[in-house]
There are 2 protein chains.
Amino acid sequence: MRTTGDTRQRIVSAATELFRRQGYSATGMKQIVATAGAPYGSAYHFFPGGKAQLGEEVVRTSGAAYLELIGELFVPGRDLVDATGEAFLGAAGTLRELDFADPCPIATVALEVASTHEGLRLATAEVFDSWTAALAAYYAASGLPEGVARETAVSVIALLEGAFMLGRAARDTGPVEAAAKAARWIVRGAVLSGSAEGGAGRSA
Amino acid sequence: MRTTGDTRQRIVSAATELFRRQGYSATGMKQIVATAGAPYGSAYHFFPGGKAQLGEEVVRTSGAAYLELIGELFVPGRDLVDATGEAFLGAAGTLRELDFADPCPIATVALEVASTHEGLRLATAEVFDSWTAALAAYYAASGLPEGVARETAVSVIALLEGAFMLGRAARDTGPVEAAAKAARWIVRGAVLSGSAEGGAGRSA
DNA sequence: GTCTATATCTTGATAGAC
DNA sequence: GTCTATCAAGATATAGAC
């Protein structure tokens, strides 16, 4: 029976929000604990590995949360093309609601650390992989051949990340909305190629 | 007739490379001048506005360089789908040659500053806009209706940026190669929708 | 235009009282 | 487990000799 566990989570939550708005490097431990309303020492009490350890936990925690979201949005049985397009339109709404902070909690960090912090880089890679695997499983369950499903999932996630980037820079949801149509074309193309090459191209 | 102009450019070049590998926040002025082999004072002599001014120059300069590249890759007359797909395959090669440093010189900076440095954010937005406008002009010249051409260009650029992100995180060119196929589907879809809605869908 | 020295601030991290 | 004080190193930026 644990008596604590509250401040630790507040630190993780604060770090998640700050990383998403300012990135990893521009966010200091002091700012994190100040935002969390926690004493400075608590940061190193809960994360003896320092900022890198905290960063990894943020990446993996928010990565897991988004993995659940994917499971909710892409329910087997729903049409592939429609489900994909609607996910993008929902993302456009989220982008606006966040006032153009990053809807993806790990994107900025991923680019920042890719060539500099190997541990963090691996964490972001594993999170991206979990997302694409989940989406690929849905596409495969909907009839796409395994390889096509995987490539399609990777492309759709990439398109969403890039659309967030352009949308944030322009402070405009237009890019994400344009990407919604493009995502539909990608999936539709995959369905066509799947039925031609491999097999059960029918989806709904 | 100017007698100098060399150290200034070395500073810009060094900053461009460092931003692309480490991002904006993690790169210090001292590291920049050290890499450039320039005295510290020169940085503020040439960029009285400090790091932000240097950052803007880096973004605009490398943005202009990539704008030229787009012009070279997308020559009117070439088939839209093939030109787009081959550009992605070339980008995959570049990603590997750079040892998975960011092939896009402004992507990391764009995400870092989007919600924090308004001047820099605007610079990245204008660069992205110049790229999508150039690509859209090519698509339009190839027969796509204006609006479709614009949306397609935005989506293709976004897909490329996102594919770079996933590829860097995984240290694998697979995502960019998958995106090459997806980009072809996007453009093919745009051609179809263009010929249905608006008009001259024929490209080659 | 070059270069050095310095001022001021903030960073990540640690030590130790409570 | 909480909280404060402090450290050394880094940051951005400036001043001023040459």
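All heavy atoms count here, side chains included; hydrogens, waters and symmetry mates do not. This structure is a prediction, so every number in the text was calculated from the model and none was measured. Residue numbers start from 1 in every chain, and the chains themselves are labelled A, B, ... in the order their sequence lines are given, proteins ahead of strands.
- Looking at B:R8 and B:E57, a side-chain N of the basic residue comes within less than 4.0 Å of a carboxylate O on the acidic one, giving a salt bridge.
- Proximity of residues 28-42 of chain A to DNA chain C (heavy atom under 4.0 angstrom from any strand atom) is restricted to A:G28, A:M29, A:K30, A:Y40.
- Note on A:S25: nothing from the nucleic acid sits closer than 4.0 angstrom, heavy atoms only.
- Contact check on A:E118 versus A:R121 returns a salt bridge, with a Lys/Arg side-chain nitrogen under 4.0 Å from an Asp/Glu carboxylate oxygen.
- In this structure, B:I11 atom CD1 and C:dC3 atom P are separated by 11 Å, rounded to whole Å.
- Of the candidates C:dA13, C:dT2, D:dG1, the closest approach to any side-chain atom of B:F46 belongs to C:dT2.
- Electrostatic pairing of A:D99 and A:R20 does not count as a salt bridge here, judged by no charged N lying under 4.0 Å from a carboxylate O.
- Across D:dT12, C:dG1, D:dG1, the shortest atom-to-atom separation from the side chain of B:H45 is found for C:dG1.
- For the OP1/OP2 pair of D:dT14 and a distance below 4.0 Å, the side-chain nitrogens and oxygens of B:Y44 include no atom meeting the criterion.
- Shown are A:R171, A:Q22, A:R168; of these, the side chain to side chain donor-acceptor pair (under 3.5 Å) with B:S115 is made only by A:R168.
- Looking at A:R78 and A:D82, no side-chain N of the basic residue comes within less than 4.0 Å of a carboxylate O on the acidic one, giving no salt bridge.
- Residue B:T7 places its side chain closer to C:dT2 than to any other of C:dT2, D:dT12, C:dT14.
- The nearest whole Å value for the distance from the NZ atom in A:K51 to the P atom in C:dT10 is 15 Å.
- Ion pair A:D102/A:R21 not flagged as a salt bridge, since none of the NZ, NE, NH1 or NH2 atoms sits closer than 4.0 Å to an Asp/Glu carboxylate oxygen.
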